[in-house]
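All figures in this text were calculated on a predicted structure; none of them were measured in a lab.
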Amino acid sequence: MKRNLNFACNIGTMFGPSESLMERLQNVKSAGFESIEMAFPYTWSLEQWKEALLENPLSVQLINTPLGEKGEFGFAATPNHRETFLDGVRMGIKYCKALKCPRLHIMAGPGKTDREEVFIENLLAASELLQAEGIIGLIETISCGVIPGYFLDDFPKAIKIVEQVDKKNIQFQFDIFHLSCLGHSTTEILELYRSYSQIIGYIQVAQPPNRTEVSGAGDVDYEVIFRELADSGCTKVIGLEFKWTSGKSDFSSLCSFLDKF
């Protein structure tokens, strides 16, 4: 069945560490999906990716810049780390080009509120590198309960920064899980989406509070959200960044739910 909405499976959160890249892509392909996302694809070499995608043709929609050697969650808002930041962007671009991925999530890393100037300067530098390759850069609000101390932990701050950077290839990654964790209701999330749709370049979803599948019960009414997105003709990619409640894949139930949209 052809869905109106374009969903991408996150092959990092949906599978365990014991499952190989090939196994993950095979499972996603067998379930009828056409797109994937992977926060940190660097676990596998480009040769491994090429082999797995050749056997399981899937569209890679989104990857992140590298975490950092100590798991810093990026360096975009870190003073005196410009070259480290740009090296991460270059690595992301290398993988985006090889995987034909059109989007790169630029991770801000930890930081205080007075680091906006550093963040904006780094985003402008990244914008130039990305523009040369036709890649969209994304920034995302991440709730402090998920990554304590993350710089971009507030929705208005993120929107303000995108507007200040004012580059067409720097957009907002609209993560509904994090927005819910920050206290926004389903109704408020839809209002935010309508207000800022023009600068939203990607959507991610999971069911709070435990980042479980969207077809299950939780704090967000995804039936309402997906119905509005489908009815409005939304063409943005929606990343399924969740973990299975049971710990085991249940693509049958998930697809039954998503097929309604």
Side-chain angles (χ1 to χ4, degrees), residues 3-14 28 33-41 58-66 73-74 76 88-89 92-93 95-97 99-108 123 126-127 130-131 133-143 146-147 150 152-153 155 157-163 165-182 184 189-190 192-208 211 214 220 222 225-226 228-230 232-242 258 261:
R3 303 184 185 113
N4 292 319
L5 297 178
N6 183 9
F7 295 101
C9 292
N10 188 302
I11 64 166
T13 59
M14 296 173 98
V28 169
F33 288 91
E34 299 178 351
S35 300
I36 61 169
E37 62 175 29
M38 177 64 183
F40 305 108
L58 289 160
S59 176
V60 182
Q61 296 290 345
L62 173 70
I63 65 171
N64 291 5
T65 51
F73 291 102
V89 172
I93 289 173
Y95 267 72
C96 279
K97 289 175 64 177
L99 304 181
K100 299 181 181 179
C101 175
R103 303 173 192 85
L104 180 66
H105 172 200
I106 301 170
M107 300 206 74
L123 287 176
S127 174
L130 295 168
Q131 181 66 34
E133 305 297 343
I135 298 169
I136 298 295
L138 299 168
I139 64 171
E140 174 190 18
T141 297
I142 297 180
S143 59
V146 177
I147 303 179
Y150 194 72
L152 210 58
D153 61 353
F155 180 82
K157 181 199 297 185
I159 293 299
K160 176 185 174 184
I161 287 172
V162 172
E163 292 175 341
V165 170
D166 193 26
K167 295 291 184 180
K168 290 183 178 180
N169 69 333
I170 299 296
Q171 302 174 7
F172 184 67
Q173 187 168 314
F174 194 79
D175 191 307
I176 293 175
F177 168 79
H178 286 296
L179 291 175
S180 176
C181 290
L182 289 168
H184 296 285
I189 288 168
L190 282 172
L192 291 173
Y193 176 79
R194 295 184 202 113
S195 298
Y196 299 103
S197 180
Q198 289 186 333
I199 59 172
I200 292 172
Y202 198 83
I203 301 170
Q204 281 185 317
V205 296
Q207 188 62 271
R211 196 187 280 282
V214 293
V220 176
Y222 277 108
I225 286 178
F226 290 159
E228 173 159 332
L229 292 177
S232 66
C234 174
T235 58
K236 303 181 195 297
V237 179
I238 303 170
L240 302 170
E241 191 187 25
F242 64 74
L258 299 181
F261 314 104

For the residue pair [X] and [Y], what are the closest heavy atoms and their distance?
{"X": "Ser127", "Y": "Asn169", "answer": "OG-OD1, 2.6 Å"}
{"X": "Thr13", "Y": "Leu240", "answer": "OG1-O, 4.2 Å"}
{"X": "Asp153", "Y": "Leu182", "answer": "O-CD2, 3.6 Å"}
{"X": "Gly88", "Y": "Thr65", "answer": "O-CG2, 4.1 Å"}
{"X": "Val220", "Y": "Gln207", "answer": "N-OE1, 2.8 Å"}
{"X": "Ile63", "Y": "Cys101", "answer": "N-SG, 3.8 Å"}

Query raised in the report: Under the criterion side-chain hydrogen bond (donor to acceptor under 3.5 Å, both in side chains), which of Glu34, Lys100, Glu37, Arg103 is the partner of Gln61?
Result: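 Of all the options given, the one that passes is Arg103.
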
Between [atom1] of [X] and [atom2] of [Y], what distance do you get to the nearest 0.5 Å?
{"X": "Leu152", "Y": "Ile142", "atom1": "CG", "atom2": "CD1", "value": "8.0 Å"}
{"X": "Ser195", "Y": "Ile200", "atom1": "OG", "atom2": "CD1", "value": "9.0 Å"}
{"X": "Ile199", "Y": "Asp166", "atom1": "CD1", "atom2": "CG", "value": "10.0 Å"}
{"X": "Thr141", "Y": "Ile159", "atom1": "OG1", "atom2": "CD1", "value": "7.0 Å"}
{"X": "Ile170", "Y": "Ile161", "atom1": "CD1", "atom2": "CD1", "value": "11.5 Å"}
{"X": "Leu5", "Y": "Ile225", "atom1": "CG", "atom2": "CD1", "value": "11.5 Å"}

4.5 Å side-chain heavy-atom contact, [X] and [Y]:
{"X": "Leu62", "Y": "Val237", "answer": "no"}
{"X": "Glu163", "Y": "Tyr196", "answer": "yes"}
{"X": "Ile136", "Y": "Leu130", "answer": "no"}
{"X": "Ile139", "Y": "Leu123", "answer": "yes"}
{"X": "Glu241", "Y": "Val205", "answer": "no"}
{"X": "Leu58", "Y": "Val28", "answer": "yes"}

Query raised in the report: With sequence neighbours left out, what residues match Glu133 under salt bridge (charged side-chain N to carboxylate O under 4.0 Å, His left out)?
Result: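 Scan of Glu133 (salt bridge (charged side-chain N to carboxylate O under 4.0 Å, His left out), adjacent residues dropped) gives Lys97.
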
Requested in this report: Step by step, work out the side chain to side chain contact (heavy atoms under 4.5 Å, CB included) result for Leu258 and Phe33.
Outcome: CA-CA 11 Å; Leu258 299 181; Phe33 288 91; 3.9 Å; yes

Quick check against the 3.5 Å criterion: does [X] have a side-chain atom that pairs as donor or acceptor with the backbone of [Y]?
{"X": "Lys236", "Y": "Ser197", "answer": "yes"}
{"X": "Arg211", "Y": "Phe177", "answer": "no"}
{"X": "Tyr150", "Y": "Ala108", "answer": "yes"}
{"X": "Tyr222", "Y": "Ala206", "answer": "yes"}
{"X": "His184", "Y": "Leu179", "answer": "no"}

Query raised in the report: Can Val60 and Cys96 be said to form a side chain to side chain contact (heavy atoms under 4.5 Å, CB included), step by step?
Result: CA-CA 9 Å; Val60 182; Cys96 279; over 6 Å; no

Requested in this report: Can you label the angle between the Phe174 ring and the Phe172 ring as parallel, tilted or perpendicular, going by 30° and 60°?
Outcome: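 The arrangement is perpendicular - the two ring planes meet at more than 60°.
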
Query - Candidate list Phe261, Phe226, Phe242, test ring pair (Phe, Tyr, Trp, His ring centres under 6.0 Å), partner Phe7, passing option - result: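 Considering Phe261, Phe226, Phe242, a ring pair (Phe, Tyr, Trp, His ring centres under 6.0 Å) with Phe7 is found only for Phe226.
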
Query raised in the report: Taking the six-membered ring for Trp, are the ring centroids of Phe40 and Tyr95 within less than 6.0 Å of each other?
Result: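 No: the rings miss the under 6.0 Å criterion.
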
Requested in this report: Run the salt-bridge test on Arg194 and Glu228 with the 4.0 Å N-O cut-off and return the result as yes or no.
Outcome: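 Between Glu228 and Arg194 there is a salt bridge, with a charged N closer than 4.0 Å to a carboxylate O.
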
Report task. Determine, step by step, whether Ile238 and Leu229 satisfy the side chain to side chain contact (heavy atoms under 4.5 Å, CB included) criterion, reporting the C-alpha distance in whole Å, the side-chain angles of both residues, the deciding distance to 0.1 Å, and the verdict. Result -> CA-CA 10 Å; Ile238 303 170; Leu229 292 177; 4.0 Å; yes

Requested in this report: Scan side-chain atoms only and decide if Ser143 and His178 contain a donor-acceptor pair under the 3.5 Å cut-off.
Outcome: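 The criterion, which ignores hydrogens and geometry beyond distance, is satisfied for His178 and Ser143.
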
Query raised in the report: Any side-chain donor paired with an acceptor under 3.5 Å for Tyr202 and Glu140?
Result: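 Result is no, nothing qualifies.
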
Requested in this report: Please report the C-alpha distance between Asn6 and Ser35 in whole Å, then the side-chain angles of each, then the deciding distance to 0.1 Å, and finally whether the side chain to side chain contact (heavy atoms under 4.5 Å, CB included) criterion is met.
Outcome: CA-CA 8 Å; Asn6 183 9; Ser35 300; 3.7 Å; yes

